[in-house]
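Below: the structure, in structure tokens.
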Amino acid sequence: MAPPERVLIAGAGPVGLVAAANLVRNGIPVTVIEAGPDLSDESRASTFHPPTLDMLDDLGIAQSLIAQGLVAPKFQYRSKQHGLIAQFDFTGIADVTRHPFRLQCEQSKLTRILLKSLAENPDFEILFSSPVRRVDQDGSHVTVTIDREGHTDTQTGRWLIGADGARSDVRRSLAIEFDGFTWPERFLVVSTPFNFHSVVPDLVSVNYVADPGRWHFLLEIPELWRIMFPVSAGESDELALSPGFAQSLMANLVSGISHYEIAHTTLYRVHQRVAKTFRAPRVFLVGDAAHINNPLGGMGMNGGIHDAVNLTGRMIDVWRKTKPDTEFDRYDSQRRLVTKEHVEKQSIQNKKDLETAGPDFRKRLIQIAADPNRTREYLLSVSMITSLKRAEELG
Ligand SMILES: Cc1cc2nc3c(=O)[nH]c(=O)nc-3n(C[C@H](O)[C@H](O)[C@H](O)COP(=O)(O)OP(=O)(O)OC[C@H]3O[C@@H](n4cnc5c(N)ncnc54)[C@H](O)[C@@H]3O)c2cc1C
């Protein structure tokens with residue numbers, strides 16, 4: 001019997017499910033294979049950039065996501081010492097995006113909206129509690145070996161998309177190197193229902209606060225604020241997760257407020273890594289399986305969604321035989337290059353800016369904010385429109 005003609009996707013995170021949605025709406029059958037018993041509800045990404053919202057709109061789900069999130073047209077850079085340095089407004093690029101704002105919304109809301117939109121489609125199938133353990137391929141198909149309820153099973157398809165996150169078993173099974181490094185410090189995310197607008201009147205929903213001692217970002221999502229601080233190598237995980245530690249960091253945010261209601265604290269190890277290749281040859285890496293970076297600038301999930309849309313657009317053409325198989329080489333060259341040139345560079349620069357908080361950083365931001373041309377260029381870059389344009393130019 002001929003193997004089934006479908007696409008396998010390992011991982012039901014935001015990137016795997018966006019890939020599934022684009023394929024299924026174009027009539028391509030998909031089987032998503034997810035290790036967990038359900039969709040993850042971990043609190044990680046909470047910022048969607050304008051072009052990502054345009055892509056989700058093309059998939060018919062942006063309105064549901066916007067209804068569950070918070071529209072943030074402005075963001076600010078502050079320093080602990082000098083207060084507000086500069087404010088930027090995405091309405092300045094409303095001519096190039098249908099969504100001139102950041103959407104503040106947890107990634108777990110996106111995955112639930114996507115799954116609901118796919119669930120009834122006969123071209124969509126999802127297997128939970130089914131970790132992929134091994135990948136084999138020949139000239140026409142890929143077979144994955146999965147664990148299922150204590151026994152081993154296999155699934156076969158025409159291509160496999162590895163969207164199984166930073167520790168990707170797909171990537172490991174193919175022995176693809178994941179070059180880069182791990183930062184010595186970790187990041188602590190503290191969430192609180194405290195309303196910072198009530199004590200800092202000109203605050204917006206997205207604020208980066210530079211400080212050589214302890215920088216932080218202050219992001220509003222529906223019903224909560226998330227504050228992220230670095231935790232130095234000398235501070236143990238145990239100390240960082242003790243309730244007194246989070247309170248002591250929070251006590252430095254607003255003078256006169258020394259105690260906050262804390263909803264969650266989560267400690268993250270932070271890496272900068274990019275896979276040696278995103279294609280091998282019937283298997284494709286996307287999202288965190290292909291690249292990970294520090295979360296400053298909110299580019300990990302957004303970049304992963306851009307990978308998924310780029311790759312699945314090519315799959316649709318090759319499936320319909322309107323383009324040859326060599327199309328896939330361009331997925332690798334375009335997305336790997338922009339990840340290195342833009343996402344990696346920018347996220348490292350963002351971290352450096354916040355932790356040095358020096359006069360050069362302040363001067364640069366003030367000059368950008370004062371010059372309409374530079375402001376526009378800056379907004380196009382931080383919203384990731386520049387990286388998408390660069391990928392297109394690579395042909
Ligand atoms: C504190 C923090 C804040 C962040 N903020 C932002 C932000 O604002 N904006 C942004 O763009 N990014 C942000 N990120 C990064 C973002 O969370 C990730 O880039 C994003 O989750 C990547 O999505 P993914 O679908 O590639 O992988 P994941 O979300 O990790 O999903 C992978 C899925 O694969 C499954 N899986 C794992 N192994 C297997 C296996 N062997 N077989 C089958 N399934 C498997 C997992 O269970 C999971 O469901 C942040 C990250 C952190 C830590």
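First listed ligand is number 1; within each ligand, the first listed atom is number 1.
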Original post:
For ligand 1, does I146 get within less than 4.0 Å through its side chain, its backbone, both, or neither, judged by non-hydrogen atoms?
Top reply: neither
**OP:** List the closest protein heavy-atom neighbour of atom 37 (C) of ligand 1: residue, atom name, distance to the nearest 0.1 Å.
**Re:** D164 O, 3.3 Å
Original post:
For ligand 1, which part of V189 has a heavy atom less than 4.0 Å away: the side chain, the backbone, both, or neither?
Top reply: side chain
Original post:
Counting heavy atoms not belonging to R134, are there more than 12 under 6.0 Å from its CZ?
Top reply: no
Original post:
Honestly curious: do V199 and L218 fall in one hydrophobic cluster under the side-chain, below-4.5 Å linking rule?
Top reply: yes
Subject >> Contact check, P14 vs ligand 1, heavy-atom distance below 4.0 Å >> reply: yes
Subject >> Interatomic spacing from OH in Y260 to CE in M250 - rounded to 0.5 Å >> reply: 5.5 Å
Original post:
Which ligand 1 atoms does G11 reach within 4.0 Å, using its non-hydrogen atoms?
Top reply: 33 (C), 34 (O), 35 (C), 44 (N)
Subject >> atom 12 (N) of ligand 1: the protein heavy-atom neighbour that sits closest, reported with distance to 0.1 Å >> reply: M301 N, 3.0 Å
Original post:
At what distance is the nearest protein heavy atom to atom 31 (O) of ligand 1, and which residue and atom is it?
Top reply: G13 CA, 3.5 Å
Original post:
Just which atoms of ligand 1 are under 4.0 Å from any heavy atom in M299?
Top reply: 10 (C), 11 (O)
Original post:
Nearest to atom 21 (O) of ligand 1, what protein heavy atom do you find, and at what distance?
Top reply: Q107 NE2, 3.0 Å
Subject >> Closest protein heavy atom to atom 5 (N) of ligand 1, given as residue, atom name and distance to 0.1 Å >> reply: A45 CA, 3.2 Å
Original post:
Just which atoms of ligand 1 are under 4.0 Å from any heavy atom in G287?
Top reply: 26 (O)
Original post:
Counting both backbone and side chain atoms, is some N or O of S130 under 3.5 Å from an N or O of ligand 1?
Top reply: no
Original post:
atom 2 (C) of ligand 1: which of G297, P295, G300, G303 has the nearest heavy atom?
Top reply: P295
Original post:
Just which atoms of ligand 1 are under 4.0 Å from any heavy atom in G165?
Top reply: 27 (O), 30 (O), 32 (C)
Original post:
Looking at atom 26 (O) of ligand 1, what's its closest protein heavy atom, distance included?
Top reply: D288 N, 3.0 Å
Original post:
Quick one: does ligand 1 sit under 4.0 Å from the side chain of A166, the backbone, both or neither, non-hydrogen atoms only?
Top reply: neither
**OP:** For atom 44 (N) of ligand 1, grab the closest protein heavy atom and report residue, atom and distance to one decimal in Å.
**Re:** A35 N, 3.1 Å
Original post:
Can you list the atoms of ligand 1 that are under 4.0 Å from a heavy atom of P131?
Top reply: 42 (N)
Original post:
When the ring planes of H216 and F229 are compared, do they come out parallel, tilted or perpendicular, using 30° and 60° as the limits?
Top reply: tilted
Subject >> For A163, the ligand 1 atoms whose distance to one of its heavy atoms is below 4.0 Å >> reply: 32 (C), 33 (C), 34 (O)
**OP:** Identify the residue among D89, D371, D95 that makes a salt bridge (Lys or Arg N to Asp or Glu O under 4.0 Å) with R376.
**Re:** D95
Original post:
Can you list the ligand 1 atoms lying under 4.0 Å from a non-hydrogen atom of Y268?
Top reply: 1 (C), 53 (C)
Subject >> Structural part of D169 in contact with ligand 1, heavy atom criterion under 4.0 angstrom >> reply: side chain
**OP:** Please confirm whether V286 comes within less than 3.5 Å of ligand 1 when only nitrogen or oxygen atoms on both sides are compared.
**Re:** no
**OP:** Answer yes if Y77 and I368 sit in the same cluster of Ile, Leu, Val, Met, Phe, Trp and Tyr residues linked by side chain heavy atoms under 4.5 Å apart, and no otherwise.
**Re:** yes
Subject >> Any N or O of R226 closer than 3.5 Å to N or O of ligand 1 >> reply: no
Subject >> Student check: side-chain heavy atoms of T312 and W319 closer than 4.5 Å >> reply: no
**OP:** Verify whether one side chain among N373 and E377 offers a donor that lies under 3.5 Å from an acceptor in the other.
**Re:** no
Original post:
Linking I/L/V/M/F/W/Y whenever their side-chain heavy atoms sit closer than 4.5 Å, directly or via other members, would L354 and W183 fall into one cluster?
Top reply: yes
Original post:
Just checking, is any N or O donor in the side chain of N294 or Q272 under 3.5 Å from an acceptor N or O on the other one?
Top reply: yes
Original post:
Does R171 make a cation-pi contact with F178 (under 6.0 Å, within 45 degrees of the axis)?
Top reply: yes
Original post:
Looking at N121, V7, L59, V32, which hits side chain to side chain contact (heavy atoms under 4.5 Å, CB included) with V24?
Top reply: N121
Subject >> Q334 vs R390, side chain to side chain contact (heavy atoms under 4.5 Å, CB included): CA-CA, chis, key distance, verdict >> reply: CA-CA 8 Å; Q334 289 187 356; R390 172 81 174 121; over 6 Å; no
Original post:
S40: heavy atom below 4.0 Å from ligand 1, yes or no?
Top reply: no
Subject >> Six-ring centre of W215, K80 cation under 6.0 angstrom, axis tolerance 45° >> reply: no
Original post:
Do the ring planes of F75 and Y208 sit parallel (below 30°), tilted (30 to 60°) or perpendicular (above 60°)?
Top reply: perpendicular
**OP:** Using a strict cut-off of 4.0 Å, indicate which atoms of ligand 1 neighbour a heavy atom of I33.
**Re:** 43 (C), 44 (N)
**OP:** Report the relative orientation of the aromatic rings in H291 and F278; use parallel for angles under 30°, tilted for 30 to 60°, perpendicular for over 60°.
**Re:** tilted
**OP:** Could you tell me whether V15 and ligand 1 have an N or O pair separated by under 3.5 Å?
**Re:** yes
Original post:
Which residue supplies the protein heavy atom nearest to atom 47 (O) of ligand 1, what is that atom called, and how far is it?
Top reply: E34 OE2, 2.6 Å
Original post:
N/O of G298 under 3.5 Å from N/O of ligand 1, yes or no?
Top reply: yes
